[in-house]
Amino acid sequence: MALSLYNTRTREKQLFEPLSPGRVGMYVCGPTVYDFAHVGNARPVVVFDVLYRLLKTSYEHVRYVRNITDVDDKIIAAAEKTGEKIEDITVRTTDAYHEDMAALGALPPDIEPRATDHVEQMIAMTERLIARGNAYEADGHVLFAVATDENYGKLSGRNRDEMIAGARVEVAPYKKDPADFVLWKPSTGNQPGWDSPWGFGRPGWHIECSAMAREYLGLTFDIHGGGRDLVFPHHENEVAQSTCAHDEAEFARYWVHNGFLTVEGEKMSKSIGNVLLVRDLLTKAPGEALRLNMLSTHYRQPLDWTEEGVSQARKILDRWYRAAGDAEPTTCEAVVDALEDDMNTPKAIAVLHELANAASQGDAVAAGQLRGGANLMGVLLNSADAWFKGSGVVEYDISFMNKLAEPLPEIANRIDSQVTAAIAKWDEMTDEQQGTIYELCINLLIDFRTLAREHREFKTSDIIRDLLLDANITLEDGADGTTWRRTS
RNA sequence: GGCCAGGUGGCGGAGUGGCUACGCAGCGGCCUGCAAAGCCGUGGACACCGGUUCGAAUCCGGUCCUGGCCUCCA
């Protein structure tokens with residue numbers, strides 16, 4: 001089966017065929033770097049990461065471009081509010097963004113251009129639009145004249161009358177037409193700016209994507225992605241600018257948009273106070289669980305982000321890791337088929353469940369396919385051991401050690417000097433050292449419990465198991481002895 | 001107000017005309033000292049009202065509800 005994608009422009013699922021055989025160009029709108037990324041920001045990143053991984057399996061040359069918007073009025077506002085320098089804000093936020101997205105298992109794009117590095121190209125494109133009569137200068141601004149583009153509105157499926165009728169925002173007096181939008185605007189005071197033919201100023205929002213897509217992907221490229229909310233006006237305006245500046249050359253061929261996200265049934269907004277930062281979520285659940293939760297809804301569907309959903313995703317991963325073990329990943333055609341069907345990740349997940357069932361019953365082929373299929377979606381990337389025991393989001397907590405003497409003094413006597421010494425200077429140890437001691441303690445307790453069980457002192461063994469459970473450690477008695485894992 | 005999505009079992013979530021995915025939770029059983037994990041089995045849905053059809057969750061019309069966009073929010 002071949003890849004098909006739902007194209008916003010044509011409003012139907014289409015077979016994907018790249019412009020040049022074996023070569024795919026994809027542009028995805030990236031973040032405006034003024035604050036930490038929230039789950040809503042993360043959705044397109046995860047969604048297009050799946051597409052990126054999928055494309056790489058079929059095409060030799062895939063160029064994925066995702067921009068960083070580092071000049072924007074919101075950034076200026078943030079700087080004014082805190083007094084922090086704009087560059088400090090954008091650099092710091094960009095770094096945090098990279099960390100957070102990596103934690104969600106998203107591969108870095110091939111090229112990540114920053115808007116401020118491409119002002120020259122934006123000025124050139126703006127000049128070209130003026131020369132062609134598609135843009136005009138007014139009151140220090142340069143505006144795109146929507147009326148000069150007969151195709152304006154086709155992507156988002158709206159016409160100018162509707163837009164004017166529905167306009168909620170007061171129209172700036174210098175606009176010839178209420179629908180015209182800014183390509184360049186003047187900067188004053190502390191606002192960042194660049195010299196241009198129209199004076200000191202800065203670019204409008206939409207022009208950066210047009211300029212950077214042109215720079216790295218050419219006049220016409222294959223896939224343009226982003227959130228649904230960007231269809232209008234952002235993407236509509238991008239199309240208008242680019243096609244007009246490029247003598248009507250087609251801009252993006254396939255427009256792919258992910259649906260919106262709500263939190264516990266409510267829209268996410270600062271006023272409600274339910275904006276979930278990826279950063280915060282990562283302290284409570286592994287990135288892989290967040291990612292799987294994200295992918296358990298089809299990308300075009302609205303996604304309701306809930307704690308219950310994250311917890312379910314985590315349980316599913318537990319099961320998959322248990323079933324797959326550390327099998328060598330192999331290709332699973334059924335998963336590929338599901339993903340090639342407009343990235344039907346829920347269907348792919350259903351296939352993985354079936355593979356997990358088979359793998360649990362000892363099917364080694366299924367175990368490999370489970371690994372491989374899941375990897376294609378960017379999950380099941382750890383070793384099973386790392387998943388179950390890894391530090392991840394588990395904080396090494398020695399409080400349970402301190403409680404040992406209470407119910408079972410004899411355990412304390414068995415704790416060796418190495419552990420005792422370590423506990424004394426616990427706070428000075430690195431995470432890794434703590435982890436080592438932590439595991440040592442767990443294994444000591446397991447040994448002691450095994451001894452108790454051999455003597456059929458089940459009351460003692462159950463106390464130990466409960467003690468560990470309090471510390472988020474679940475014990476499992478198997479044929480080959482007792483193993484432990486963090487509690488889900 | 002205009003335009004556009006979506007409403008599937010307790011929960012999550014596929015599915016565009018017939019054979020009622022899949023998972024979580026639940027229930028029963030096997031296993032276990034007891035658990036956990038695993039295995040076997042099991043009930044349960046298609047917002048509402050009409051229509052088309054031999055037959056609709058799936059097509060058409062209407063109603064209700066939720067969400068998005070309407071000039072710089074993924």
Side-chain angles (χ1 to χ4, degrees), chain A residues 8 11 28-32 37-48 69 72-74 143-144 146 153 156-159 161-172 175 178-182 185 204-208 225-234 236-237 257-262 265-270 293 296-298 300-304 306 308-309 311-316 318-319 322-323 338 341 344-354 356-357 360-362 453 456-459 461-462 465-466 469 474-479 482-485 487:
Chain A
T8 305
R11 281 151 215 279
V28 174
C29 290
T32 299
H38 56 66
V39 261
N41 297 315
R43 169 117 104 144
V45 174
V46 169
V47 164
F48 290 101
T69 299
D72 180 274
D73 288 359
K74 283 197 294 296
L143 291 133
F144 184 90
V146 167
S156 55
R158 55 186 80 202
N159 60 56
D161 293 341
E162 284 165 15
M163 291 185 278
I164 295 164
R168 288 184 307 200
V169 176
E170 217 171 307
V171 177
K175 287 188 180 181
D180 291 350
F181 58 91
V182 171
K185 58 184 163 188
W205 176 38
H206 316 295
I207 192 75
E208 62 172 270
R228 278 211 74 79
D229 57 323
L230 292 182
V231 176
F232 188 87
H234 187 236
E236 189 70 61
N237 292 354
H257 293 101
N258 63 274
F260 229 68
L261 179 145
T262 52
E266 281 188 309
K267 67 187 280 188
M268 186 168 63
S269 78
K270 282 184 181 166
N293 184 227
S296 61
T297 300
H298 182 90
R300 283 193 280 119
Q301 292 286 103
L303 165 61
D304 187 29
T306 61
E308 172 63 26
S311 139
Q312 232 184 70
R314 196 164 171 170
K315 281 181 201 158
I316 289 169
D318 278 345
R319 182 171 155 75
R322 202 173 276 128
D341 180 14
N344 194 333
T345 50
K347 200 169 167 187
I349 289 169
V351 172
L352 294 174
H353 281 306
E354 281 164 18
N357 286 336
S360 293
Q361 291 170 65
R453 292 179 70 219
R456 306 195 63 80
E457 291 168 15
F458 297 122
K459 198 176 170 187
S461 70
D462 288 350
R465 189 168 59 197
D466 291 344
L469 199 58
T474 298
L475 295 189
E476 294 179 353
D477 298 329
T482 301
T483 55
W484 68 271
R485 61 181 171 87
T487 307

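In this text the structure is predicted, and so the values were computed from the model without any measurement. Lettering follows sequence order; numbering is per chain, from 1.
A sub-4.0 Å separation between OP1 or OP2 of B:C72 and a side-chain N or O of A:K74 is absent. Between A:S156 and the phosphate of B:C69, there is no side-chain N or O to OP1/OP2 separation shorter than 4.0 Å. The side chain of A:R11 contributes no N or O atom lying less than 4.0 Å from OP1 or OP2 of B:C3.
Expressed to the nearest 0.5 Å, how far CG of A:L230 lies from NE2 of A:H257 amounts to 6.5 Å. Put simply, OG1 on A:T482 and CZ on A:R453 are 5.0 Å apart, with the number rounded to the nearest 0.5 Å. Atoms CG and CZ, on A:L475 and A:R485 in that order, are 9.5 Å from each other to the nearest 0.5 Å.
If you take atom C1' in B:C11 and the same atom in B:A45, they sit 12 Å apart, rounded to whole Å. Atom C1' of B:G9 sits at a distance of 13 Å from the matching atom of B:C22, rounded to the whole Å. Remark: the separation of the C1' atoms in B:C60 and B:U53 is 12 Å, to the nearest Å. Comparing the C1' positions of B:A21 and B:C46 gives an interatomic distance of 13 Å, to the nearest angstrom. Going from the P atom of B:A36 to that of B:C24 covers 15 Å, rounded to whole Å. B:G43 and B:A37 have their C1' atoms separated by 25 Å, with the value rounded to a whole Å. Taking the P atom of each, B:C39 and B:A47 are spaced 32 Å apart, rounded to whole Å. To the nearest whole angstrom, the two C1' atoms, one in B:U8 and one in B:G23, are 15 Å apart.
As judged by a 4.0 angstrom heavy-atom cut-off over every strand, A:E354 is placed among residues touching the sugar-phosphate backbone only. Counting any heavy atom pair closer than 4.0 Å across all strands shown, A:H353 reaches sugar-phosphate atoms only and no base atom. As judged by a 4.0 angstrom heavy-atom cut-off over every strand, A:N357 is placed among residues touching the sugar-phosphate backbone only. Counting non-hydrogen atoms under 4.0 angstrom, A:L475 reaches a base of the nucleic acid. Using a 4.0 Å heavy-atom cutoff across all strands shown, A:L261 reaches at least one base atom of the nucleic acid.
Inter-residue side-chain proximity for A:H234 and A:D229 is flagged as unmet; no heavy-atom pair is nearer than 4.5 Å. For the pair A:H38 and A:N41, the minimum side-chain heavy-atom distance is below 4.5 Å. Within the 4.5 Å cutoff, no side-chain heavy atoms of A:T262 are placed close to those of A:L303.
The CE-P distance, from A:M268 to B:U66, rounds to 20 Å in whole Å. Atom P of nucleotide B:A74 and atom CZ of A:F232 are separated by 17 Å, given to the nearest angstrom. Atom CD of A:Q361 and atom P of B:G38 are 11 Å apart (whole Å). Put simply, NE2 on A:H234 is 12 Å from C1' on B:U71, counting in whole angstrom units. Distance, A:L469 CG to B:C34 P: 19 Å, rounded to whole Å. Whole-Å rounding puts the A:E236 CD to B:C73 C1' distance at 18 Å. When rounded to the nearest whole Å, the span between CG of A:D466 and P of B:A36 equals 12 Å. Taking atom NE2 of residue A:H257 and atom P of nucleotide B:A5, one finds them 14 Å apart after rounding to whole Å.
The shortest non-hydrogen separation linking A:R319 to A:S360 is NH1-OG, 4.2 Å. A:E236 approaches A:F232 most closely through the heavy-atom pair CB-CD1, 3.8 Å.
Checked by atom type and distance alone, the side chain of A:N344 never pairs as donor or acceptor with a backbone atom of A:A338 at under 3.5 Å. Using modelled atom types, one side-chain atom of A:D180 and one backbone atom of A:V146 make a donor-acceptor pair closer than 3.5 Å.
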With sugar-phosphate taken as primed atoms, P, OP1 and OP2 and all else as base, the protein-contact string of nucleotides 28-33 of chain B at under 4.0 Å (heavy atoms; B, S, -) is -----B
Sequence-aligned protein contact record of nucleotides 8-16 of chain B, with B where the base is within under 4.0 Å of a protein heavy atom and S where only the sugar-phosphate is
---B-SSS-
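Ring-plane geometry between A:F181 and A:H206 is classed as perpendicular, the angle between the planes exceeding 60 degrees on a 0 to 90 degree scale with a lower cut at 30.
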So A:R465 and A:S461, side-chain contact (heavy atoms from CB on, under 4.5 Å) or not? Walk me through it.
CA-CA 6 Å; A:R465 189 168 59 197; A:S461 70; over 6 Å; no
As a quick check of understanding, evaluate side-chain contact (heavy atoms from CB on, under 4.5 Å) for A:N258 and A:F48, giving each step before the final call.
CA-CA 9 Å; A:N258 63 274; A:F48 290 101; 4.0 Å; yes
For the pair A:D73 and A:K185, evaluate side-chain contact (heavy atoms from CB on, under 4.5 Å) and give the outcome as yes or no after the intermediate values.
CA-CA 11 Å; A:D73 288 359; A:K185 58 184 163 188; 3.1 Å; yes
May I have the step-by-step check of side-chain contact (heavy atoms from CB on, under 4.5 Å) for A:N293 and A:R314, ending in yes or no?
CA-CA 8 Å; A:N293 184 227; A:R314 196 164 171 170; over 6 Å; no
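When distances are taken from the side chain of A:A179 to each of B:A21, B:U71, B:G38, the shortest belongs to B:U71. Distances were taken from every side-chain heavy atom of A:H38 (C-beta onward) to each of B:A74, B:G67, B:G38; the shortest belongs to B:A74. Minimum atom distance to the side chain of A:R228 is reached by B:C4, of the listed B:U71, B:C4, B:C73. Listed candidates were B:A36, B:C40, B:G38. Nearest to the side chain of A:T474 is B:A36. Comparing B:C72, B:A74, B:U71 by their nearest atom to the side chain of A:W205 picks out B:C72.
Annotation: of the two residues near RNA chain B, A:V182 and A:A356, the 5′-most nearest-nucleotide partner is A:A356. Between A:I349 and A:R300, it is A:R300 whose nearest contact on RNA chain B lies nearer the 5' terminus.
A:F260 qualifies as a stacking partner of the B:A74 base, centre to centre under 5.5 Å and near-parallel within 30°.
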Dot-bracket pairing map - RNA chain B, Watson-Crick plus G-U, both contacts under 3.5 Å, | cross-strand:
(((((((..(((.....[...))).(((((.......)))))....(((((..]....))))))))))))....
